[in-house]
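First comes the structure, then the notes that go with it.
Ligands are counted one by one from 1 in listed order, and the atoms in each one are counted from 1 as well. Numbers for residues simply follow the sequence, beginning at 1.
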Amino acid sequence: MLPGGAGAPSLPKPPLMSDVDDEIPEPAERTGDQPVVLVSNRGPVSYGVDGSAKRGTGGLVTALMGLASHRQSVWVASSLTEGDRAVAEEAGSAAIQIEAPTGGEFDVRLVNSDPEAYDGFYNVVANPMLWFIQHYLWDLSNAPYIRQGEIDAFDYGYKQVNKDLADAVVEEYDRHGEPVVMVHDYHFYLLPKMVREQRPGVFLHHFIHIPWTQPDSWRVLPRRIREEIFDGILSNDIIGFHTRSYRWNFMQCCRDLMGLEVDFDKGVVIARDGREVWVRAYPLPIDWRMTKRLAASEDTKHYEEELLRRRREFLIIRVDRADLSKNVLRGFAAFDLFLEQHPEFLERVTFVAQLIPSRTDVPEYAEYLEKIEALVAVVNHHHGTPDWMPIQLKLRDNLEEALAAYKHYDVLLVNAMFDGMNLVAKEGPLVNTRSGVSILSENTGAHEVLGEHAISVNPFDIQELADAFHRALTMSPFERDVRWKGLERIVHSTDPGEWIDAQLADIERKSSGQRPVAVPPPEPG
Ligand code: G6P
């Protein structure tokens with residue numbers, strides 16, 4: 001059936017993205033004089049063996065690129081490819097200058113680590129150990145088994161890579177005249193202490209993009225390792241999270257696991273050495289201007305045509321990294337149940353799942369991908385017909401193809417078990433043209449800001465999710481429109497520049513000796 005055919009809700013005609021494009025105002029230019037050193041595992045650029053550069057995408061890179069290109073800055077990141085290693089080798093301790101897509105230039109310093117150390121750092125400790133703890137993913141009766149191999153991966157892998165980047169940070173700190181150091185994510189919990197030991201006066205800010213879980217989930221780690229992690233991260237001056245609830249969990253961990261003094265209202269932890277550490281929440285917005293521009297591009301249009309040619313009356317989509325935390329299997333199980341319970345939707349709806357293979361050297365991830373493919377085959381076999389495949393699985397990383405799907409979905413599924421923020425939940429409604437409905441897990445950071453306009457689901461409740469598909473697909477055009485407009489308005493109302501500004505304002509406040517502003521606790525529920 002063609003889009004908008006019999007039975008499809010009649011929806012207001014969307015504006016053409018190309019028209020909208022002309023009206024997108026540029027953000028206010030943000031400049032500042034304090035230099036910054038940014039630190040993340042995945043940097044803003046990556047090189048092929050032929051030396052060709054590929055710019056990083058994703059919310060974090062885009063958000064930080066804005067900051068980096070508007071002030072004196074250097075971005076310290078790990079070498080991830082052979083090409084990166086060659087470029088880093090040639091540059092020595094010098095930085096490489098790269099151009100930001102929005103104009104301006106900034107320096108990048110790629111750091112080579114010993115490949116075996118990096119393997120332990122990335123494939124054993126960061127993913128899965130810390131990632132699983134921070135998303136409640138361990139099936140504790142089966143895993144993890146912490147043996148000498150895991151301990152060594154921490155002592156000689158995680159620690160070593162943290163040290164490699166810490167040394168580069170110290171060099172850049174000296175070179176740039178006491179910049180603020182802004183560290184990102186769970187890869188570098190030990191780095192702040194290593195930097196502070198060498199440069200006691202440094203201002204360290206650390207943003208954690210994934211959930212912070214409650215104290216008991218951290219008891220998986222041997223006490224010595226756990227304490228090194230907390231001492232490492234508490235060497236920062238400010239620690240930021242996406243939500244008030246992760247911030248709260250972190251403070252509870254400091255109190256319950258480390259016995260530290262915590263002021264929950266002010267968000268202050270007193271570290272073992274007596275320093276005050278501020279714990280704040282800054283929800284990351286998406287760069288809506290750039291997302292809209294890309295959605296209006298010729299490449300995206302090409303994928304739209306392809307999608308529309310195959311489209312049935314209704315389209316459900318999901319776009320995710322193929323990560324266990326994204327809860328892909330329960331999403332397909334719920335779709336299976338929905339088709340079972342509502343056979344009137346057979347042949348009328350397609351579920352397009354675009355999944356980006358991720359961390360495939362970690363056995364748990366490789367197995368997960370196999371399970372996904374097997375379940376898709378079962379559901380398609382169960383309900384499919386010679387000319388209708390209920391689930392279309394696209395295992396690839398293609399931003400324009402994802403944007404094309406965002407523009408035309410009736411239902412966007414984001415059912416992560418736990419997720420730091422989830423930017424898909426924001427990008428989808430921003431560019432959707434059919435007043436599409438969002439089904440959103442209540443355990444995503446995005447839910448704290450978007451929940452009221454989405455259909456909220458408990459990601460473990462498959463019947464609830466099957467019911468949510470039915471509710472979304474039978475929702476009146478009026479309700480769809482009201483909900484979608486609510487989502488779109490929120491996503492539009494802020495940009496990454498403001499996210500950065502809020503962090504810089506706190507840095508300024510703390511370094512000038514002011515008191516922290518009280519933050520309300522998370523909402524119960
Ligand atoms: C999450 C993390 C990022 C990470 C990304 C992709 O969003 O917060 O730090 O870069 O996943 O994971 P990868 O292991 O491919 O870098």
Side-chain angles (χ1 to χ4, degrees), residues 38-46 54-65 75-81 84 108 110-111 113 118-135 137 153 157-158 161-162 165 182-189 191 206-213 233 239-243 246 250 282-287 319-328 354-366 368-369 395-399 402 414 416-427 441 443-446 496 499:
L38 298 168
V39 191
S40 65
N41 179 50
R42 201 170 276 280
V45 65
S46 192
K54 195 172 162 225
R55 226 180 256 127
T57 48
L60 163 73
V61 165
T62 313
L64 296 183
M65 208 117 73
W75 192 324
V76 179
S78 296
S79 289
L80 301 179
T81 63
D84 291 353
V108 175
L110 292 175
V111 179
S113 289
Y118 192 86
D119 182 57
F121 157 84
Y122 186 82
N123 291 321
V124 182
V125 179
N127 315 298
M129 191 63 77
L130 295 173
W131 181 271
F132 277 36
I133 287 174
Q134 294 197 241
H135 292 84
L137 288 177
Y158 192 76
V161 176
N162 271 255
L165 274 87
M182 298 179 91
V183 187
H184 286 266
D185 244 340
Y186 58 101
H187 309 90
F188 297 118
Y189 290 153
L191 178 145
H206 200 142
F207 193 90
I208 293 159
H209 293 259
I210 64 176
W212 196 277
T213 43
I233 192 170
I239 303 166
F241 296 96
H242 284 303
T243 72
Y246 308 149
F250 178 78
Y282 315 98
L284 174 66
I286 58 166
D287 184 340
V319 177
D320 284 299
R321 260 181 330 102
D323 192 289
L324 288 83
S325 65
K326 305 293 180 181
N327 206 17
V328 177
Q354 186 169 329
L355 300 178
I356 303 155
S358 176
R359 306 175 188 167
T360 44
D361 288 339
V362 178
E364 284 86 349
Y365 282 76
Y368 192 57
L369 214 45
L395 292 180
R396 50 188 176 254
D397 184 4
N398 185 328
L399 181 60
V414 177
M417 290 190 268
F418 292 94
D419 207 338
M421 172 50 73
N422 197 297
L423 297 179
V424 171
K426 296 187 170 183
E427 289 161 357
S441 160
N443 299 341
T444 58
W499 179 73

Close approach, His184 and ligand 1, non-hydrogen under 4.0 angstrom: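 No.
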
Sub-4.0 Å atoms of ligand 1 with respect to non-hydrogen atoms of [X]:
{"X": "His209", "answer": "8 (O)"}
{"X": "Ile210", "answer": "8 (O)"}
{"X": "Asp185", "answer": "2 (C), 3 (C), 8 (O), 9 (O)"}
{"X": "Arg321", "answer": "6 (C), 11 (O)"}
{"X": "Tyr122", "answer": "13 (P), 14 (O), 15 (O)"}
{"X": "Arg42", "answer": "13 (P), 15 (O), 16 (O)"}
{"X": "His187", "answer": "9 (O)"}

Donor-acceptor contact present, side-chain Gln134 to main-chain Pro211, <3.5 Å: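 Yes, Gln134 side chain to Pro211 backbone: donor-acceptor pair under 3.5 Å.
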
Sole candidate of Tyr186, Trp499, Phe241 that passes ring-ring contact (aromatic ring centres under 6.0 Å, His included) when paired with Phe207: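 Result for ring-ring contact (aromatic ring centres under 6.0 Å, His included) with Phe207: Trp499.
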
Atom 14 (O) of ligand 1: any protein heavy atom closer than 4.0 Å: yes

Option passing side-chain contact (heavy atoms from CB on, under 4.5 Å) with Tyr158 (candidates Phe121, Tyr122, Tyr118): Phe121

SB check Arg42 Asp185 (cutoff 4.0 Å): no

Centroid-centroid under 6.0 Å between Tyr246 and Trp212 rings: no

Min side-chain heavy-atom separation Pro357-Leu369 under 4.5 Å: yes

Heavy atom of the protein closest to atom 4 (C) of ligand 1 (residue, atom name, distance): Arg359 NH2, 4.2 Å

Any side-chain donor near an acceptor of the partner, Ser325 and Asp323, under 3.5 Å: yes

